[in-house]
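Presented below is the structure to which this report refers.
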Amino acid sequence: MLHVIYGKDSYSMTRELLQSMSPEKEWNKDALIALKPNLVVSKPSESGATTSPEITRGVIEHLKEKGFNNLVIMESSWVGDSTVKAFNVCGYEKLARKYNIDLVDLKRDKAVKKKGKNLTISLCEKVLEIDYLINLPVLKSHCQTRLTCALKNLKGLIPDKEKRRFHGLGLHEPIAELNFLIKTALVIVDAVIGDLTHEEGGNPVEMGRIIGGTDPVLVDSYAAELIGLEIEEIPYISMSNQAGIGKLFNNETVLKEYRLDDYPQVTLKPSPRVKRLADHIVEVGACSPCYGALIHALSRLEERGTLEKIPGKIFIGRKFKDIESSSLGIGVCTAKFNKSVSGCPPKARDIVKYLEEHLINN
Ligand code: SF4
């Protein structure tokens with residue numbers, strides 16, 4: 001099962017989600033619980049690169065209220081950036097001080113080798129002490145692996161030298177192996193703001209939701225569809241599935257959704273790249289989960305070189321409800337258009353498929 005809550009108030013969304021999920025029900029109160037945000041670079045979460053501290057605050061308060069006090073925040077930023085700086089810039093230093101929680105910069109930790117299924121991997125030693133790992137990734141595209149979300153976020157738990165080796169090995173197999181060695185107890189994805197193109201942010205896109213689950217493969221295979229990717233484009237997801245780490249998302253996966261009547265509006269100022277894609281859109285009163293999906297879908301088409309084949313503009317937004325038109329619309333609000341992608345909100349993958357089927361390939 002996956003849980004999805006819509007909105008933009010990350011703190012209250014996280015609280016409501018965890019209250020419903022109760023992931024800690026069976027956990028031992030003395031257990032060491034590590035929170036692993038994505039602080040790949042020293043940029044605030046509005047950049048699309050890093051996990052909002054408001055989500056982490058929601059997780060901390062939930063756990064403390066339930067009597068869990070042995071909490072730690074662990075991370076190692078990417079090679080070339082300082083985790084200490086990222087803790088500060090991203091608001092985690094303040095958070096740790098407020099709740100009296102240790103911040104562990106894993107760049108300063110020792111390395112320890114562990115044998116996976118096919119590879120031996122160096123992990124940061126402190127990771128071996130964790131009883132429950134709470135993975136707090138951001139939903140982003142990635143130039144090399146296409147998607148970075150739950151499975152890839154564990155790369156922050158290995159030494160810098162090992163990160164370089166992972167890149168040399170093509171990332172996919174080592175990411176699957178890493179997830180074979182480190183078990184994730186809970187995933188809470190920051191998909192309120194993610195990034196369109198890179199893990200270091202710069203092209204933030206509002207997706208207006210937080211995703212919760214206990215299976216990182218299920219989370220990632222769902223997240224891939226949200227941003228218009230096919231599972232086959234992200235080999236580490238299938239490899240992780242085959243290694244028994246988790247299941248793939250499909251039509252039978254139960255999706256529990258919250259705040260369906262409270263989709264947030266688009267508020268972010270677009271980056272030049274997002275603006276270029278938005279030139280294909282006429283938007284009036286669109287919800288960000290819908291609009292974000294359309295931006296990701298257009299980005300996928302741009303990557304495939306087919307974006308310019310779309311004739312005319314694409315309409316999206318509540319303003320188009322009950323309006324008849326011969327144009328193309330996105331979401332149930334445009335159900336009376338001649339051509340309309342169903343869903344409220346639709347996934348980027350469904351938008352890509354519809355556009356390729358109806359406008360590009362015929
Ligand atoms: S279809 Fe309409 S109401 Fe539904 S998410 Fe899109 S814009 Fe919002």
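Order of appearance sets the numbers: ligands from 1, and atoms from 1 within every ligand. In this chain, residues are counted from 1 in sequence order.
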Practice prompt. List for me each residue that meets salt bridge (charged side-chain N to carboxylate O under 4.0 Å, His left out) alongside Lys126, sequence neighbours excluded, and say none if there are none.
Written response: none
Discussion item. Can you confirm whether the side chains of Tyr132 and Glu24 place a donor and an acceptor under 3.5 Å from each other?
Written reply: no
Worksheet item: When you check the side-chain N and O atoms of Asp81 and Ser42, is any donor under 3.5 Å from an acceptor?
Response: yes
Discussion item. Give me each pair satisfying side chain to side chain donor-acceptor pair (under 3.5 Å) with a member in residues 219-230, each pair once, sequence neighbours excluded.
Written reply: Glu225-Lys347, Glu230-Arg349
Item to complete: Report the residues that fulfil side-chain contact (heavy atoms from CB on, under 4.5 Å) with Thr120, sequence neighbours left out, ordered by chain and then residue number.
Response: Lys113, Lys115
Discussion item. Please check this pair: side chain of Glu206 against backbone of Gly292, looking for a donor-acceptor N/O pair closer than 3.5 Å.
Written reply: no
Worksheet entry | Atoms of protein origin (N, O or S) under 2.8 Å from atom 6 (Fe) of ligand 1 | Cys290 SG
